[in-house]
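Structure first, commentary second.
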Amino acid sequence: MRAMEAYTEEIDDLDAAAEALLEQTEDFVLAKNSMAILFAEEDTDYRALYTRLARYWDFPVMGCTSMAMLSGRKGYCRSGVSVLLLTADDCEFSVGTTGELDRGTYREQIAQLYHELAAQHTSEIKLGLSYLGFDVKEQELSGGNLLAALDDAVDGLPIYGGAASDNLSFTGYRVFYNEREIKNGVVLALISGNVSPRFVRINSVDHTASFSYEMTKTAGSVVLRLGNDTFVDALKKENMRVDQEDMMAAYMLSPFVVTVDHGNGDKVQAARILAKLDLETGAGIFQGAMPEGATLGIGLLTREDVCRSVETAFTQMLRELSQPGDEHSVLLCTSCGARYLALMNAPASEAETYKGRLPEGLSLVGFYAYGECCPVQGTKTDKEYNMFHNFTFTILAL
């Protein structure tokens, strides 16, 4: 597989934006099969831009909005449009999207999308790339719900991607597939053939508080009881803030950490954002699955932790890529929006970590998400589990 990245800061003059992206990629020779991944700031008129690009690109385009982007060439990109082209003679790509999802039918729609795309392949499917759109505040469907439904459908296939973000308005997020824009839905690409995906996932949380409870009663992404107490009462005991329902901002830099025991000796850990409190029932509503019986702790996120975790992630991935074996031409990165906020007045810190370190011919494109999708390896076995994360930095090598 070969890859090519392009970027433009222009979003107001879409003719100029399309021209810039096409000019940067005009010498890139396409193979038999191709696709593109596109990230754009929320103010971008994506449909109008796609119409211009589609005059020259006859392959599928998928992606989402993002509060900021990462580029191998430019580094940190606060605004604009970023594109990654993938092409190969020995890989097959199939791309599609659900419609607008609701709680009653989302599992069926996601399963149907997967099976329709899988039927287009003539060889073993190795990877799913997915971008999710969901209302962060309403919690009708969380990122954990959507990924869990996708995980059930794909039967062990690794899924990488993340949740569309915006400039913290929580209203401008969208996911893209060709001319379509979806608010609450899933775009999915399946890749088969000669591809050997490698993953690195680094949790940003190096420091944890003494807070630790068993989740004794949960429902999806809702925590009803911690031990013998309601979720809200447990927070009160720990002198933690419970004075309002909307808790996104209050706990943005205080991630909750879930440790899940899979019963076969494997334990996996994921961080979670507390989105809302239900002050009537005492429940806490999160941005991912909260399994009953799992342990819930709380971490502390700092700028130093964020920078250190990126350094660790790239050191680990570049070490793996330097070993003999499969060749990789592209890195896809997904970083949590909370990490971006933790960087405060130094938003380019993550990009500075990898600039100058990437091998010749290796492209890099990434975005800041409202949640990250990346497989996690169990603590005892080599089995990988698809999980929805917050507060992480993840890398996929293709």
Side-chain angles (χ1 to χ4, degrees), residues 125-132 142-163 186 188 191 196-206 208 212 215 218 220-221 255-273 286-299 301 305-306 308-317 319-321 331-339 366-367 369-398:
I125 300 170
K126 304 288 186 62
L127 173 70
L129 295 175
S130 188
Y131 299 104
L132 317 176
S142 73
N145 292 141
L146 301 183
L147 182 63
L150 187 54
D151 187 45
D152 287 344
V154 303
D155 192 25
L157 182 74
I159 302 295
Y160 183 85
V186 171
L188 175 65
I191 304 177
S196 178
R198 297 189 185 184
F199 307 95
V200 168
R201 179 200 68 95
I202 300 293
N203 197 323
S204 312
V205 184
D206 286 349
T208 57
S212 181
M215 295 189 289
T218 68
S221 59
F256 288 79
V257 181
V258 180
T259 303
V260 181
D261 189 336
H262 282 272
N264 59 354
D266 271 347
K267 292 184 178 181
V268 294
Q269 195 175 78
R272 293 282 183 261
I273 289 177
F286 286 82
Q287 281 299 312
M290 306 298 280
E292 200 164 286
T295 301
L296 185 67
I298 191 167
L301 187 64
D305 292 339
V306 169
R308 183 166 49 251
S309 63
V310 178
E311 175 73 27
T312 302
F314 274 100
T315 297
Q316 181 178 334
M317 179 58 81
R319 184 186 301 122
E320 287 190 25
L321 297 186
L331 299 181
L332 273 173
C333 302
T334 308
S335 185
C336 183
R339 295 167 54 90
F367 86 113
Y370 283 155
E372 304 80 63
C373 303
C374 186
V376 181
Q377 193 173 68
T379 54
K380 185 176 181 180
T381 74
D382 291 333
K383 181 176 173 61
E384 290 187 327
Y385 301 87
N386 286 321
M387 291 193 71
F388 185 80
H389 311 270
N390 298 122
F391 304 98
T392 62
F393 187 88
T394 68
I395 308 175
L396 163 65
L398 289 174

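Here the CD1 atom belonging to I395 is positioned 12.5 Å from the CZ atom belonging to R201, to the nearest 0.5 angstrom. Within the model, atoms CD1 of I298 and CZ of R272 stand 14.5 Å from one another, a figure rounded to the nearest 0.5 Å. Separating the CE atom in M387 from the OG1 atom in T392 is a distance of 10.5 Å, to the nearest 0.5 Å. Note that CG of L132 and OH of Y370 are 14.0 Å apart. Values are rounded to the nearest 0.5 Å. Interatomic distance, L332 CG to F367 CZ, rounded to the nearest 0.5 Å: 9.5 Å.
Counting heavy atoms from C-beta outward, F393 and C333 have side chains that approach closer than 4.5 Å. Contact check for L129 versus L188: no side-chain heavy atoms found under the 4.5 Å cut-off. A heavy-atom distance below 4.5 Å is found between the side chains of H389 and V376.
Counting only N and O atoms by type, the side chains of Y160 and S130 include no donor and acceptor under 3.5 Å apart.
Under a 3.5 Å cut-off, the side chain of D152 and the backbone N or O of A149 do not form any donor-acceptor pair. Using modelled atom types, one side-chain atom of T218 and one backbone atom of M290 make a donor-acceptor pair closer than 3.5 Å. The closest donor-acceptor contact from the side chain of N386 to the backbone of I159 lies under 3.5 Å. Looking only at distances, a side-chain donor or acceptor of T394 sits under 3.5 Å from a matching main-chain atom of T334. The backbone N or O of L398 sits nowhere less than 3.5 Å from a side-chain atom of R198 that would complete a donor-acceptor pair.
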- Determine, step by step, whether V257 and L296 satisfy the side-chain contact (heavy atoms from CB on, under 4.5 Å) criterion, reporting the C-alpha distance in whole Å, the side-chain angles of both residues, the deciding distance to 0.1 Å, and the verdict. CA-CA 6 Å; V257 181; L296 185 67; over 6 Å; no
- Can you check side-chain contact (heavy atoms from CB on, under 4.5 Å) on F199 and E384, steps first, answer last? CA-CA 10 Å; F199 307 95; E384 290 187 327; 4.1 Å; yes
- Task: I would like to know whether F286 and F388 meet ring-ring contact (aromatic ring centres under 6.0 Å, His included); could you show each step before the answer?
- Result: CA-CA 11 Å; F286 286 82; F388 185 80; over 10 Å; no
- Message: side-chain contact (heavy atoms from CB on, under 4.5 Å), that's the test. Do L396 and C374 meet it? Break it down for me.
- Response: CA-CA 8 Å; L396 163 65; C374 186; over 6 Å; no
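P375 and P158 get closest at one heavy-atom pair: CG-CB, 3.8 Å. In plain terms, the two heavy atoms of G371 and N390 that are nearest each other are CA-ND2, 3.6 Å. The minimum heavy-atom distance linking L331 with A397 is given by the pair CD2-CB, 3.7 Å. Heavy-atom minimum distance, P291 versus V260: CG-CG2, 3.9 Å.
By the neighbour-count criterion of 12 heavy atoms within 6.0 Å, atom NZ of K126 is densely surrounded, having more than that number from other residues, nucleotides or ligands.
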